[in-house]
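Inspection log for the structure reproduced underneath, given as structure tokens.
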Amino acid sequence: MNNIILIKADITKLNVDAIVNAANSGLGGGGGVDGAIHRAAGPEIHMECMDIIAKIGRLPAGEAVITEAGLMPSKYVIHTVGPVWRGGMNNEPELLANCYTNSLQLAEENGCRSIAFPNISTGIYGYPLEKAAMVAVKSVIDYLTETKSGMEITFCCFEEENYRLYNDLLK
């Protein structure tokens with residue numbers, strides 16, 4: 001598909017309408033891409049996240065919320081909570097697919113024409129890289145096909161191994 005891009009880069013530096021954060025359910029920042037986004041955005045994003053948590057409680061796996069992007073070049077950050085890998089028999093694929101679909105829907109609702117995804121759930125949440133990449137690519141292609149969306153979608157890989165997996169799947 002012409003509107004899917006694969007890059008190896010730092011997602012916090014991308015000039016797209018929205019970047020997706022692989023967040024934790026408390027939206028408080030943390031390690032990996034979540035910590036990098038919170039550090040790059042500045043303190044405003046943390047305050048916005050805390051306001052959201054005060055209203056809704058913890059964000060469940062598969063769901064997504066949106067904030068401004070603070071000091072980063074993107075306009076928005078879409079925070080989504082991926083599932084913790086527990087062997088694949090606890091709805092992990094469905095929850096991970098929901099991360100992508102719900103993020104894309106939220107982006108469209110907010111007028112975004114471009115969005116960048118990191119590798120969701122593959123860090124401390126332990127989702128196997130190849131399985132996660134397969135869910136990500138299928139979810140995005142299904143969304144683009146079903147909605148006829150013209151949104152430009154970037155898969156932004158930080159590590160070479162993820163980049164190779166996505167490259168193979170997108171060929």
Side-chain angles (χ1 to χ4, degrees), residues 3-84 95-127 129 132-133 135-137 139-140 143-144 147 149-159 162-163 166:
N3 44 346
I4 298 178
I5 298 165
L6 173 64
I7 61 172
K8 187 175 173 224
D10 176 349
I11 199 167
T12 68
K13 297 190 179 349
L14 297 185
N15 190 3
V16 293
D17 291 334
I19 63 170
V20 176
N21 179 20
N24 60 57
S25 61
L27 300 183
V33 72
D34 189 17
I37 287 171
H38 274 262
R39 285 188 300 276
E44 298 84 14
I45 196 172
H46 181 74
M47 291 172 15
E48 255 189 281
C49 285
M50 293 305 96
D51 287 346
I52 291 168
I53 291 301
K55 289 178 189 141
I56 68 167
R58 300 182 80 70
L59 186 65
E63 297 301 315
V65 294
I66 192 168
T67 64
E68 298 291 323
L71 303 172
M72 294 182 293
S74 58
K75 185 173 182 183
Y76 298 110
V77 176
I78 296 174
H79 307 265
T80 190
V81 179
V84 173
L95 290 168
L96 186 56
N98 288 345
C99 289
Y100 290 93
T101 303
N102 289 332
S103 295
L104 289 163
Q105 287 172 341
L106 199 51
E108 291 221 278
E109 288 166 12
N110 284 275
C112 297
R113 302 296 302 140
S114 58
I115 185 171
F117 285 98
N119 307 111
I120 300 171
S121 280
T122 59
I124 62 167
Y125 285 13
Y127 211 110
L129 300 182
V135 170
V137 169
S139 300
V140 165
Y143 182 87
L144 291 173
T147 64
S149 172
M151 194 180 321
E152 181 182 276
I153 296 159
T154 300
F155 287 115
C156 181
C157 300
F158 194 68
E159 294 100 8
N162 273 318
Y163 181 85
Y166 278 81

Kindly say whether Glu68 contributes a backbone atom to a donor-acceptor pair with the side chain of Glu48 at under 3.5 angstrom?
yes

Geometric class of the His46/His38 ring pair [parallel <30°, tilted 30-60°, perpendicular >60°]
perpendicular

Compare every heavy atom of Ala40 with every heavy atom of Thr12, then report the nearest pair and how far apart it is.
CB-CB, 3.7 Å

Measure across Leu71 and Gly42 and return the closest heavy-atom pair with its distance rounded to 0.1 Å.
CD1-CA, 4.1 Å

Quick one: which of Asp17, Ile78, Leu14 gives a side-chain contact (heavy atoms from CB on, under 4.5 Å) with Ile115?
Ile78

Taking all non-hydrogen atoms of both residues, which atom of Tyr143 and which atom of Ser149 are closest, and how far apart?
CE2-CB, 4.1 Å

For the atom pair CG (Asn110) and CD (Gln105), what is the distance rounded to the nearest 0.5 Å?
12.0 Å

Just verifying a value: how many Å separate Ile53 CD1 and Ile56 CD1, rounded to the nearest 0.5 Å?
5.0 Å

Under the side-chain contact (heavy atoms from CB on, under 4.5 Å) rule, what do Lys8 and Phe158 come out as? Steps first, then yes or no, please.
CA-CA 6 Å; Lys8 187 175 173 224; Phe158 194 68; over 6 Å; no

Looking at residues at least two apart in the chain, or sitting in another chain, which of them share a side chain to side chain contact (heavy atoms under 4.5 Å, CB included) with Ala132?
Leu96, Thr122, Tyr127

Nearest heavy-atom approach of Met151 to Ser114 is CG-N, 3.8 Å

Would you give the length of the straight line joining atom CG of Leu6 to atom CD1 of Ile153, rounded to the nearest 0.5 angstrom?
13.0 Å

My understanding is that only one of Ile11, Val33, Thr154 makes a side-chain contact (heavy atoms from CB on, under 4.5 Å) with Ile19; could you say which?
Ile11

Interatomic spacing from CG in Asn24 to CG in Leu59 - rounded to 0.5 Å
9.5 Å

Evaluate the side-chain contact (heavy atoms from CB on, under 4.5 Å) criterion for residues Tyr100 and Ile120: first the C-alpha distance (whole Å), next the side-chain angles of each, then the deciding distance (0.1 Å), finally the verdict.
CA-CA 9 Å; Tyr100 290 93; Ile120 300 171; 3.7 Å; yes

Please name the pair of heavy atoms, one in Cys112 and one in Tyr76, separated by the smallest distance, quoted to 0.1 Å.
SG-CD1, 3.6 Å

Is there a side-chain contact between Asn119 and Tyr166 in this structure, where contact means two heavy atoms from C-beta onward sitting under 4.5 Å apart?
yes

Would you say Asn102's side chain and Gly62's backbone share a donor-acceptor pair under 3.5 angstrom?
yes

Could you check if a side-chain atom of Asn21 sits within less than 4.5 angstrom of a side-chain atom of Thr67, using non-hydrogen atoms only?
no

What is the distance from atom CG of Asn98 to atom OG of Ser139, rounded to the nearest 0.5 Å?
8.0 Å

Within the 4.5 Å heavy-atom criterion, are Arg58 and Val81 side-chain neighbours or not?
no

Are the side chain of Ser74 and the backbone N or O of Asn15 linked by a donor-acceptor pair below 3.5 Å?
no

Decide yes or no for Leu104 and Phe117: does some side-chain heavy atom of the first lie under 4.5 Å from some side-chain heavy atom of the second?
yes

Where is the tightest heavy-atom contact between Pro83 and Ser121, given as atom of each residue plus distance?
O-OG, 2.8 Å

Return the CD to CZ distance between Glu108 and Arg113, rounded to the nearest 0.5 Å.
7.0 Å

